Every structure is written in C-alpha cells, then in structure tokens.
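To keep things clear, I will list the structure first and then write my remarks on it.
Naming convention: chains lettered A, B, ... in sequence-line order (proteins, then strands); numbering from 1 in each chain. These numbers were taken from a predicted model, which means no experiment stands behind them.
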Amino acid sequence: MAKSQTWLYFSSPKTFYPLAGKLIPWFTALAIVLTVIGLYMGFFVAPTDYKQGDSYRIIFIHVAAAWMSMFIYAVMAGYAVIGLVWNVKLSEMMASSLAPTGAIFTFLALWTGALWGRPTWGAYWVWDARLTSELILLFLYIGYMALQSAIDDPRRASRASALLAIVGVINLPIIYFSVRWWNTLHQGASVSPEMAPKMAADMKTTMMVMVFAFWMYAIAIVLARVRTLILEREKNTAWVVELLEAKQ
Amino acid sequence: MSRPGVFDAFRAVVARDMTLAMRRKTDVLNALAFFIIAVTLFPLGVGPEIETLRAIAPGVIWVAALLAAMMSLGRIFSGDYEDGTLEQMLLGNFPVSIMVLGKVFAHWLLTGVPLVLLSPLLGMQLGLGEEALWVLIYTLLLGTPVLSLIGSVGAALTLGVRGGGVLISLLVLPLYVPILIFGAGAVEALGTPSGIQPYLSIQGAILALSVALTPMATAAALRISME
Amino acid sequence: MSQWHSIGEFFAMGGYGFYVWGSYLVTFGFIIAEIFLVRKQRRDVRKQIARLARLNDKVDET
C-alpha cells in the first residue's frame, strides 16, 4: 500500500501546491542560466553564416519556440487523457494552465518565422508547410482556450477542453501530413530556409540550449499558473482559507 | 418480432431526425441557400473572367460547402438537449455511439447530400468542365460525411454553451483542413499524371478513420456536457 | 566580443538588425508579459478569496 500511496501522494492539489511552490525557483533559475548561455553562444560564438549573414540567428529562438509549441500541445493532451480517464482533477488543471504558454510559443514561432522569412525568402508570410501547420496549431490552441472560457462550470469546462485537446492531438499528424502534401503539390519542393549543408556543431548545441531554456521557463510559468488555478478551484476548502490566513 | 437490434436503433434515430427536420424545413434550406449565395458572391468579387474562376472553382465550392455544413451542426443535438430527450437517449441500452452515428447520418442526409447535388450546378457557373464536375461530386460525396462526423464532436462539446454557434466553427475548422486540402486538390489534379486516384483514396481513409473514431469522441463529449 | 568589433556593429547585426532584434525583443517581451500576467492573476485570486473569507466571517458573527 505504501508504494502506490507515495506515487499518488502528489496528485492531490493540497499536497501538490507546496511542492510546486518549492520547484518554481529552481526551474526559473535554470531557465535564466540556460537563456544567458544560449544568447551568448547565439550571438558571440556562432559565426556569421556565409549565405544568410546574421539574419539566421533568429533560428535559435524560432526553432525553440516552434518545438515548444508542439511539445506543450502533446503534454497538454497527455494531461487531458489522465484527467479524463482517471478523473484526476489536478491533471485537468495542468492541461488548462499549459494552454496559454503553448499558444504564446506558437505565436512567437510564427512571429520569428515571419521576421526570419522576410530577409531569407523575401516575404513575411510564405505558405510553407511548417509555418502553415504552426498557424493551424495556433487555431487549435485558441479553440481550446475559447471552449475553456465559454463554459461556466469549471469542471465541465476542463473536461470538455481536455477532450478537444485529445481530438486535436490525434488530428495534428494528419493536418501536418496533408499540409506538407498540399505544399509540395503547389510549389514543388518549397525553398525552405535550409541551413548550410552541415549545420555547424555549435549552432546545433546553441539551439538545444535555447530549447531547454524555454522548456525550463515553460515548466516554471505553468507551475505558477497551476498554483493560481488550484487556489481558485479549491477556494472554499479549508486548507486554502487557512493557507491565506497564514499569509495575511 | 425479435428484440430490436443495433441497426434498428440506428434506423429509428435516423427516421426520427429526418421527420423532425422535415417539419421545420427552414434549417435545411438555410444551409443550401447559404451555399448558393456564398459561391455566387465569388465571381462578383473576383471578376467574371472564366479562366480565373475555373482556377479557383474547386476551392471556392469546397470552402462554401464546408461552411454551409458547419452552419447547421449546432442543431444536431441542441433540439433534443433542450427538451431532455438527449438525456433519455444516453440512458438507453444501446451504445451512445450508435445514436451519434444515427444523428450524424441524418445530418449528412439533410445537408451533405443536397450540397453534393447542388455542386455541379455551381461548378458549371464557375466554368468547370464536365469531367471536373464528376470529380467534384466524388470528393464531396467522400468529404461531406466527414464534415458531419467531426462537426458532431464540436456540436456535442458546445451543447448549451452561450455563443455556441461561433464557438463550433472555432473548434472544428482547424480539423477540417485535411478534408479541404484533399477535396479541392483532387479537382485540380485532374490533368496531372498522378490523376485523382491518390486524393480519393486518402479522402476514403480519412472517412474510414472518422467513422471509426469520432462517434466515440462525440459520445464522450455528450456525457461530459450532460453531467 | 569575438566577432563584433563595436557595439554599433553588434546592433546592426550585419544589416539585419531590425529582423533579429525584432524577433528577440518580441519573444522576451512576451515572456516577461506572461510572467506579469500570471502574477496579476495570482494576486486577483488571493484578493477574491480573502474577500470571501471576510464575508464568511461576517456571516458567522451575525
């Protein structure tokens, strides 16, 4: 009994709340350190690209944001499954607190993609397969958040949007496949901004550092948002009232 | 008479929905009227040159069909939701996905099929050749059921939600992208060596996948909405 | 300052300054905005709960 007990110990909002509180500073520190390293490597270590000059430096945060936007949607769908199947309230809350961060990363991926596309392809928006599927991913996020806020009763809201996230994650590969097919059909192999044939090793590591920096940041911000959601959702429970009185 | 089987339940739901819809024809006619008007607006906007119209015709007809089908999604469950019959249906001894399939099939018969019958008329208006019209009909026949199937998930999720109509389009439109791409793409691929075969087979695959998976999702969404 | 010979050159970013700084500033701008948004959300919820608690206390007293 003890073994499974510990595994479930942190699945109740009451015990998870302080744990999240302790974790946030660690992840924030990690995020800051990694960002500083990433920026230093991105601007001072990585050489100027012979073809694209210095505009390629946008790739570090563009790829990181795009990667995070898809990763967060997958994690969100994962929490949605746990929330719906095992009826775990906390994982429903995690799914709802992941969505805004995912949406912001998707928007940033589109923004940086556009600003990078301008000097490289000559246009802010190009119907490239990846950019188009990123845009559709943004619509999925907006749909998730719109459904979440349209339903008043919080429990039904998180369960309904959890189901939407699952339907969305099943459709994502199909959407991505069809957009790639559609893109190659109309433009032939689109001139996507391929880097120098062999991307210099330190460019790859810089990108990985930025991805991890964004990841740590995402964990910290989502944990902070889930704590607020817990307070809001459990506001009439005894432990929340005591907690706030203690803080008064 | 032996105990009613699953197919009898399916048939009963379809028959019931059809008769209900026939009593209030406006909903059905609205979607068709929207489809016709939306397609005829394009030449007014784009200009009468038949060349450009022929180029954009499949996309225009497909998008208009998609929006027309989506307009009437709200009514799949809302009528029964308001007067409580939906709750009884959920308690029935047949799996909920059978009831959902019945309702979606009825919705398809009422909106999808008329769109397919109307599309050649509008295709001619936009200068599509005879062969292209046939391809348009095939793709729409394969595509419109998927519109109703995936749309039913959106309808179930937004039951009784204020501003549900607009919300459904926000939830469901991103999921319609693959069907739109292959539907419109097939008509354009007429002259190409690969022909329309790959498009129709992929549309068939999406249809098979949707028929298998979406009723379960809609059933779950209905349970969530009815809690 | 391995390859940038002057601050000016660094900001010019090989002529692509607008694009590079446009994307970096907006990215970190959004991140900081999100942090403040979450903190504000947290403050509002705490205030709301505190008000609820005060109301309950008043109800208990009467």
Side-chain angles (χ1 to χ4, degrees), chain A residues 28 31 35 39 42-49 52-62 64-65 97 100-101 104-105 107-109 111-120 214 217-218 220-225 227-236 240-245 247-248, chain C:
Chain A
T28 332
T35 312
L39 289 179
F43 283 106
F44 298 104
V45 171
T48 311
D49 180 59
Q52 292 180 16
D54 288 303
S55 71
Y56 82 95
R57 293 181 195 279
I58 303 174
I59 191 176
F60 300 125
I61 43 171
H62 172 64
S97 46
T101 309
I104 286 175
F105 274 130
F107 170 76
L108 289 178
W111 176 270
T112 50
L115 277 183
W116 183 24
R118 181 71 184 80
T120 329
F214 278 8
Y217 158 75
I221 199 79
V222 167
L223 284 179
R225 186 177 289 121
R227 274 162 60 95
T228 319
L229 259 175
I230 292 174
L231 283 184
E232 204 171 359
R233 192 73 72 81
E234 312 271 312
K235 56 176 178 281
N236 30 38
V240 166
V241 177
E242 273 153 32
L243 187 90
L244 289 181
E245 250 136 36
K247 286 253 175 60
Q248 222 60 42
Chain C
M1 287 299 212
S2 61
Q3 49 201 327
W4 310 110
H5 308 304
S6 70
I7 297 291
E9 205 192 305
F10 175 70
F11 282 113
M13 197 50 72
Y16 295 111
F18 167 73
Y19 303 111
V20 174
W21 299 118
S23 22
Y24 273 84
L25 288 180
V26 165
T27 306
F28 290 104
F30 263 73
I31 288 177
I32 291 157
E34 191 184 9
I35 293 170
F36 279 111
L37 196 75
V38 169
R39 286 157 73 109
K40 181 187 164 309
Q41 226 175 3
R42 187 171 163 70
R43 244 195 340 274
D44 297 348
V45 166
R46 288 169 71 100
K47 240 183 264 148
Q48 192 199 3
I49 294 175
R51 207 173 333 105
L52 263 173
R54 274 200 305 278
L55 276 175
N56 293 347
D57 298 347
K58 208 169 276 121
V59 163
D60 301 343
E61 278 149 24
T62 53

Q) Going by heavy atoms in the side chains, are C:F10 and A:F44 under 4.5 Å from each other? A) yes
Q.
Under 4.5 Å from any heavy atom of chain C, what part of A:L39 do you find: side chain, backbone, both or neither?
A. side chain
Q.
Please report the interatomic distance CD1(C:I35) to CZ(C:F30), rounded to the nearest 0.5 Å.
A. 13.5 Å
Q | Ring centroid separation A:F60 to A:F214 under 6.0 Å | A | no
**Q.** Contact class of C:V20 relative to chain A, heavy atoms under 4.5 angstrom
**A.** both
Q: Against chain C, label A:T35 side chain, backbone, both or neither, depending on which of its atoms sit under 4.5 Å from a heavy atom there.
A: side chain
Q: Select one option (side chain, backbone, both, neither) describing which atoms of A:I58 are under 4.5 Å from chain C's heavy atoms.
A: both
Q: Kindly compute the distance separating CZ (A:R57) from OH (C:Y16), expressed to the nearest 0.5 Å.
A: 12.0 Å
Q. Nearest 0.5 Å, what's the CD-CZ distance between C:E34 and A:R225?
A. 4.5 Å
Q.
Angle between ring planes, C:F11 versus C:W21, binned at 30° and 60°: parallel, tilted or perpendicular?
A. tilted
Q. Is it the backbone or the side chain of C:L37 that comes under 4.5 Å from a heavy atom of chain A, or both, or neither?
A. neither
Q) Is it the side chain or the backbone of C:L52 that comes within 4.5 Å of chain A heavy atoms, both, or neither? A) side chain
Q.
What part of A:L231 gets within 4.5 angstrom of chain C, counting heavy atoms only: side chain, backbone, both, or neither?
A. both
Q. Among C:D44, C:V26, C:N56, which residue forms the greatest number of heavy-atom pairs with chain A at distances under 4.5 Å?
A. C:V26
